[in-house]
Number of protein chains: 2
Amino acid sequence: MKKQGADILKQSALSITASRKDILDIFLASSSALAHQDIELKCSDKFDRVTIYRTLQTFLDKGIIHSIPTTENAVKYALCKDECIVSGHHHDNHVHFLCDACGITICLEEVVVPQVKLPKGYSLKDINMVVNGTCKKCKA
Amino acid sequence: MKKQGADILKQSALSITASRKDILDIFLASSSALAHQDIELKCSDKFDRVTIYRTLQTFLDKGIIHSIPTTENAVKYALCKDECIVSGHHHDNHVHFLCDACGITICLEEVVVPQVKLPKGYSLKDINMVVNGTCKKCKA
DNA sequence: TGACATTTGCAACAAAGTTGCAATCTCCAT
DNA sequence: ATGGAGATTGCAACTTTGTTGCAAATGTCA
Ligand SMILES: [Mn+2]
Ligand SMILES: [Mn+2]
Ligand SMILES: [Zn+2]
Ligand SMILES: [Zn+2]
């Protein structure tokens with residue numbers, strides 16, 4: 001049986017509500033990262049825009065989703081994998097791909113973000129790597 | 001003599017106007033990347049908000065500045081270096097640092113973005129690497 | 001200097017995000 | 001199973017951010 005939104009909510013000790021379940025199911029059904037607006041288009045008939053904002057924030061806080069900064073000034077969100085939580089801390093250390101042609105944003109789970117050495121004085125907490133280019137489907 | 005905004009405008013074959021000069025000078029005087037709002041705070045008394053938007057877009061088009069996507073859903077901008085233009089094309093291949101404590105965003109010109117190998121089918125055009133952490137000044 | 005093209009400011013919008021509060025819903029202990 | 005405490009939601013009102021069209025002002029170059 002496939003993983004459902006409700007399962008994830010239980011795991012994260014969040015109360016189970018219609019909006020949270022539905023929004024999680026939207027993520028589970030999507031193969032690419034979603035912007036707030038993408039989600040709004042899919043369920044603003046059922047839920048208020050504000051609820052979507054708050055739900056996404058809750059998911060971020062709980063480490064259910066992670067955010068992906070894009071060059072188009074639009075943050076996108078994607079589910080975190082289970083293996084993501086190692087010893088109580090999150091590890092979204094994969095590369096993200098953004099297609100300039102179709103705009104799709106994808107987690108490249110199998111591509112690990114390379115380490116970098118920072119100049120003296122800077123302490124590193126997190127690295128974000130976003131690659132632009134052309135995706136499989138849009139290839140000429 | 002220090003480089004002035006007007007010099008850069010000439011180099012880029014842009015007409016020299018007060019707003020362009022002033023905004024360039026703000027960049028030249030800043031050691032960190034600036035958001036639209038940062039610039040607005042410094043000169044909205046002299047120029048319209050719309051002018052700032054259009055000026056930043058022009059600078060982007062001409063390769064005078066580059067944009068930095070941040071996790072806070074706010075694009076920041078920074079001047080490109082001269083050496084940035086190699087054979088007519090831009091090369092902003094350095095890492096950016098974003099301090100979680102003070103929010104400052106800095107170009108780490110000396111840290112080159114490492115290459116990554118993408119899965120089959122993806123073609124790469126550009127890589128963006130943003131590192132979060134604590135900057136020199138904010139260090140505990 | 002003057003014509004012409006470019007740039008700017010303004011006004012009016014549209015879209016995105018935030019906040020407070022009352023109504024509703026979840027969950028847990030009885 | 002029920003009900004009450006606390007969490008969640010919808011709504012309204014608002015702020016901030018970004019866009020567009022157009023007329024006035026400015027810069028460029030002959
Ligand atoms: Mn991801
Ligand atoms: Mn930079
Ligand atoms: Zn594509
Ligand atoms: Zn700092």
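A, B, ... follow the sequence lines: proteins, then strands. Residue 1 opens every chain.
- The 5' end of DNA chain D is approached more closely, in terms of each residue's nearest nucleotide, by A/Ile52 than by the other of A/Ile52 and B/His36.
- Taking atom OH on B/Tyr53 and atom P on C/dA14, their separation rounds to 17 Å, with Å as the unit.
- For residues 44-51 of chain A, proximity to DNA chain D is found at A/Lys46, A/Phe47, A/Asp48, A/Val50, A/Thr51, defined as any non-hydrogen atom under 4.0 angstrom from a strand atom.
- Near DNA chain D, meaning a heavy atom under 4.0 Å from it, residues 13-26 of chain A has A/Ser15, A/Thr17, A/Ser19, A/Arg20 in order of number.
- When the P atom of C/dA16 is taken as reference, atom CD of A/Glu40 falls 7 Å away, rounded to whole Å.
- No N or O donor and acceptor, one from the side chain of B/Arg54 and one from the base of D/dG18, sit under 3.5 Å apart.
- A donor-acceptor contact shorter than 3.5 Å is absent between the side chain of B/Ser12 and the backbone of B/Leu14.
- With A/Asp7 contributing its side chain and A/Gln4 its backbone, the two residues share a donor-acceptor pair below 3.5 Å.
- Counted by atom type alone, A/Ser19 and A/Arg54 present zero donor-acceptor pairs between their side chains at under 3.5 Å.
- The phosphate of D/dT17 (OP1 or OP2) has a side-chain N or O of B/Gln37 nearer than 4.0 angstrom.
- Rounding to whole angstrom units, CD1 of residue B/Ile39 and P of D/dG18 are separated by 11 Å.
- At distances below 3.5 Å, not a single donor-acceptor pair connects side-chain atoms of A/Thr51 with backbone N or O atoms of A/Phe47.
- Contact record, A/Met129 with B/Pro114: CE-O, 3.4 Å, taken as the closest heavy-atom pair.
- Atoms NZ (A/Lys10) and P (C/dT26) sit 14 Å apart, rounded to a whole Å.
- Under a 3.5 Å cut-off, the side chain of B/Arg20 and the backbone N or O of B/Ser15 do form a donor-acceptor pair.
- Atom pair B/Leu41:CG and D/dT17:C1' shows a separation of 13 Å (rounding to whole Å applied).
- In this model, no donor atom of one side chain and acceptor atom of the other lie less than 3.5 Å apart for B/Lys139 and B/Thr134.
- For the residue pair B/Thr105/B/Lys76, the side-chain donor-acceptor check at 3.5 Å is satisfied.
- Between A/Leu9 atom CG and D/dT8 atom P there is a gap of 11 Å when expressed in whole angstrom units.
- For an aromatic pair to be called close, the ring centres must be under 6.0 Å apart, and B/His66 with B/Tyr77 fails this.
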